[in-house]
Amino acid sequence: MRDICVYCGSSPGRREEYVEAARAFAGELVARDLGLVYGGASVGVMGAVADAVLAQGGRVTGVIPQALQDKEIAHPALTDLHITGSMHERKTKMAELSDGFVAMPGGVGTLEELFEIWTWGQLGWHGKPCAVLNVAGYYDGLIRFLDHAADEQFLRPWHRDMLLVEEQPARLLERMADYQKPQAKTWVKKGEL
Ligand code: AMP
């Protein structure tokens, strides 16, 4: 892995732990010489992770749609900043530039990005690891729901297992480095689950 994409909130969230975890994750990236790819904003958890990577001498690539440059306040000091014509181009560019994807606490934008990249993996369109950094139990309810979806046979067990979930940034990055995409068939016949 060379570059890791982080999806996270354009808000800082209610608890200091969210921003602290973003900084801790940034430290682990820099320690492994991994670059950060993210949405290019200077606000919220997004801004915190980028600032922390830059402060430690790491590489940060931002990708932001032109229409959001003012709203999300594009970061002025990134290693590289790509301005895209649309949200779809942004997400495609982030996916191309990255060797793995991590969702940290965030809102619907974060969730949408995580689910899109995970479904692309489920379809076999990429074999890169998709992961959740579960800070302060923020994603507990979502993980429970995904297990429920697997129990109810709307989510295949090997697709559920594709989403790596950890509380510690270092452990998460170790699991991402070891990730092998599932060899199980992508599509199954009716009743084969
Ligand atoms: P949020 O988690 O809602 O604070 O948003 C985090 C990031 O996700 C922001 O940079 C949003 O611009 C971005 N995002 C990506 N796709 C979408 C979408 N379809 N709707 C809203 N925000 C999105």
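Every number for a ligand or one of its atoms is a count from 1 in the order of the listing. One is the number of the first residue; the rest follow in order along the sequence.
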>> For ligand 1, which is the ligand I care about here, please tell me if Met87 has any N or O atom under 3.5 Å from one of the ligand's N or O atoms.
In response: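 No, Met87 has no N/O under 3.5 Å of an N/O on ligand 1.
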
>> When you compare ligand 1 with Ser11, is there at least one nitrogen or oxygen pair between them that comes in under 3.5 angstrom?
In response: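 No; the residue has no nitrogen or oxygen that sits under 3.5 Å from a nitrogen or oxygen of the ligand.
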
Hey, does the side chain of [X] reach the backbone of [Y] with a donor-acceptor pair shorter than 3.5 angstrom?
X	Y	answer
Thr84	Ser86	yes
Lys91	Ile117	no
His126	Gly121	yes
Asp99	Asp3	yes

Can you name the atoms of ligand 1, numbered from 1 with element, that are less than 4.0 Å from a heavy atom of [X]?
X	answer
Met46	10 (O)
Val108	3 (O)
Gly107	1 (P), 2 (O), 3 (O)
Leu68	12 (O)
Gly106	2 (O)

>> Please list the nearest protein heavy atom to atom 13 (C) of ligand 1 with its residue and the distance rounded to 0.1 Å.
In response: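 Protein heavy atom at minimum distance: Arg90 NH1, 3.3 Å.
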
> To the nearest 0.1 Å, how far is atom 23 (C) of ligand 1 from its closest protein heavy atom, and which atom is that?
Replying inline: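 Looking at atom 23 (C) of ligand 1, the protein heavy atom closest to it is Gly109 CA, 3.4 Å.
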
Just to check, does [X] reach to within less than 4.0 Å of ligand 1 when the distance is taken from its heavy atoms?
X	answer
Cys8	yes
Glu116	no
Gly9	yes
Gly39	no

Salt bridge check, [Y] against [X]: does any charged N sit closer than 4.0 Å to a carboxylate O?
X	Y	value
Glu89	Lys93	no
Arg23	Glu20	no
Glu72	Arg90	yes
Arg59	Asp80	no

> Are Leu146 and Met162 in one and the same hydrophobic cluster, where Ile, Leu, Val, Met, Phe, Trp and Tyr link if side-chain heavy atoms are under 4.5 Å apart?
Replying inline: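 Yes, Leu146 and Met162 fall within the same hydrophobic cluster.
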
> Nearest to atom 12 (O) of ligand 1 by heavy atom, Glu113, His88, Glu72, Glu112: which?
Replying inline: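 The nearest heavy atom belongs to Glu72.
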
> Any idea which part of Leu111 is under 4.0 Å from ligand 1, heavy-atom wise: side chain, backbone, both or neither?
Replying inline: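 Neither; nothing of Leu111 gets under 4.0 Å from ligand 1.
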
>> Can you give me the closest heavy-atom contact between Tyr138 and Gly106, atom names plus distance?
In response: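 So the two residues come closest at OH-O, 2.6 Å.
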
